[in-house]
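Reading through the C-alpha cells given below for one structure.
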Amino acid sequence: LKSDALAELAGVNDAQALGDIRVKYLGKKGALTEILRGMGALSAEERPVIGQVANDVRGAIEAVIEEKQEAFQRAETEKRLAKETIDVTLPGRRLPEGGLHPLTKVIQDLEDIFVGMGYQVAEGPEVEMDYYNFEALNLPKNHPARDMQDSFYITEDILMRTHTSPVQVRTMLAMQGESPVKVIVPGKVYRRDDDDATHSFQFHQVEGIVVGKNIRMSDLKGTLLQFVREMFGAHTEIRLRPSFFPFTEPSVEVDVTCIKCGGAGCRLCKQTGWIEILGAGMVHPNVLEMGGYDPKEYSGFAFGMGVERIAMLKYGVDDIRHFYNSDLSFLKQFARL
Ligand code: PHE
C-alpha cells in the first residue's frame with residue numbers, strides 16, 4: 001500500500017490530483033482507513049504491531065503529501081508574483097486636477113488685498129429684512145430709489161437681499177460704537193433681472209465699509225486705487241464720477257482703465273477706454289446714526305462692487321452666464337490660476 005501510494009504521489013503535479021490521492025488512501029473510505037477499521041478482528045498481540053505499521057504508512061504518505069502541497073503553493077505564489085511585477089520606471093498616470101472657480105478665485109484675491117490693508121471679512125444673511133436692506137440705508141418705504149434694485153420679496157418685510165450693503169448696518173450695530181469699523185463683505189445678492197450676457201438674477205458682490213474719526217473722501221480714493229492696482233495691475237487708473245446712492249453722500253461711480261483690451265474698443269469697455277466697476281461714497285449721516293455712530297464725531301466711506309464684473313474684466317470673459325454653466329472647457333482655463 002505504501003509503495004503504491006508513494007509511486008502514485010511521485011507522478012502528481014497539481015493540487016487537484018494531490019487531493020484525490022489523499023482521499024483515496026487517507027479519506028473516510030480510503031485504503032488505509034479500511035485497514036485500521038479491520039483492526040478490531042485482530043488478536044491482542046497482532047493489534048499493536050499492525051497498528052504501528054499502519055501509523056508509519058500514514059505518516060509517510062502524509063509527509064509526502066504535505067511536502068508536495070507546499071511545493072505547489074510555492075510555485076503558485078511565484079507565478080502570481082511574476083505576473084504582478086511592477087515596472088517602477090513607467091511614468092505615472094496623471095489624475096484630472098480640479099481648480100478653483102474663477103469667482104471663488106476673485107473673491108479670495110479681493111479678500112487678500114483688503115486683509116492686506118487691515119480689513120476684516122464679515123458676512124450677513126441672504127434672506128434679509130427690508131429694514132436692513134433698505135430702511136436703515138436711508139431708503140424708506142416708497143422711496144423711488146428702491147426701483148434701482150428690483151427685489152424678490154418673501155413677505156412684506158423680508159426679501160432676498162439686493163446688495164451686500166445691509167451688512168454695513170449690521171456690522172456697525174455689532175461694533176456697538178467702537179471704531180474703526182473696517183470690513184469687507186463678500187456674498188450673493190438677488191435682483192429681479194432677466195438673465196442676459198451682463199445680468200443675472202443672482203450674482204456676487206463685495207461690500208466695503210470703513211467708519212472712524214476723520215475718514216475722508218481721499219481715503220476712499222486712495223484705497224480704491226490701491227485695490228485696482230493689486231487686482232488688475234500696477235498701471236491701472238481710476239476715475240470717480242458723481243453719482244447717487246441714498247446711503248452715501250457724496251456718491252460716486254468708479255471707473256477703471258480698460259486693461260483687458262488696452263484702451264478703447266473692446267466689447268466690455270465700449271469706446272471710452274474706461275469701464276465702471278463699483279459704486280461708492282461717504283456713508284450718509286442718517287446711516288451712521290442708524291448704525292449707532294454720531295455723524296458729528298464719526299465719518300466713513302463705503303463701496304460695493306460686482307464680483308462677476310471684476311472677474312469678466314480680469315479674465316476677459318464676455319458673458320456672465322459662463323460663470324454658472326459648469327462647462328468644463330470654460331472652467332479648465334482657470335484651473336491653474
Ligand atoms: N449697494 C450699491 C449697489 O448695489 C453699491 C454701493 C455700495 C454704493 C456702497 C455705495 C456704497 O449698487
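First listed ligand is number 1; within each ligand, the first listed atom is number 1.
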Ligand 1: which protein N/O atoms lie under 3.5 Å from its N/O atoms?
unit_1: ligand 1; atom_1: 1 (N); unit_2: H163; atom_2: ND1; d: 3.0
unit_1: ligand 1; atom_1: 1 (N); unit_2: S165; atom_2: OG; d: 2.9
unit_1: ligand 1; atom_1: 4 (O); unit_2: R191; atom_2: NH2; d: 2.9
unit_1: ligand 1; atom_1: 4 (O); unit_2: Q205; atom_2: NE2; d: 2.9

Exercise for the section: Could you tell me whether R146 and D130 make a salt bridge, using a distance below 4.0 angstrom between a side-chain N and a carboxylate O? Expected result: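 A salt bridge links R146 with D130.
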Exercise for the section: May I ask you to check if R191 and F201 form a cation-pi contact, with NZ or CZ under 6.0 angstrom from the six-membered ring centre and within 45° of the axis? Expected result: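 Negative - R191 is either too far from the ring of F201 or too far off its axis.
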Practice task
Kindly work out whether a path of hydrophobic side-chain contacts (I/L/V/M/F/W/Y, heavy atoms less than 4.5 Å apart) joins F244 to V252.
Solution key: no
Exercise for the section: Verify whether one side chain among Q73 and Q69 offers a donor that lies under 3.5 Å from an acceptor in the other. Expected result: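 Not at all, the side chains of Q73 and Q69 share no donor-acceptor pair under 3.5 Å.
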Exercise for the section: Please confirm whether H163 and F203 have ring centers closer than 6.0 angstrom. Expected result: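 Ring centroids of H163 and F203 are no less than 6.0 Å from each other.
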Practice task
Using modelled atom types only, decide if a donor and an acceptor are shared between the side chain of E308 and the backbone of H204 within a distance under 3.5 Å.
Solution key: yes
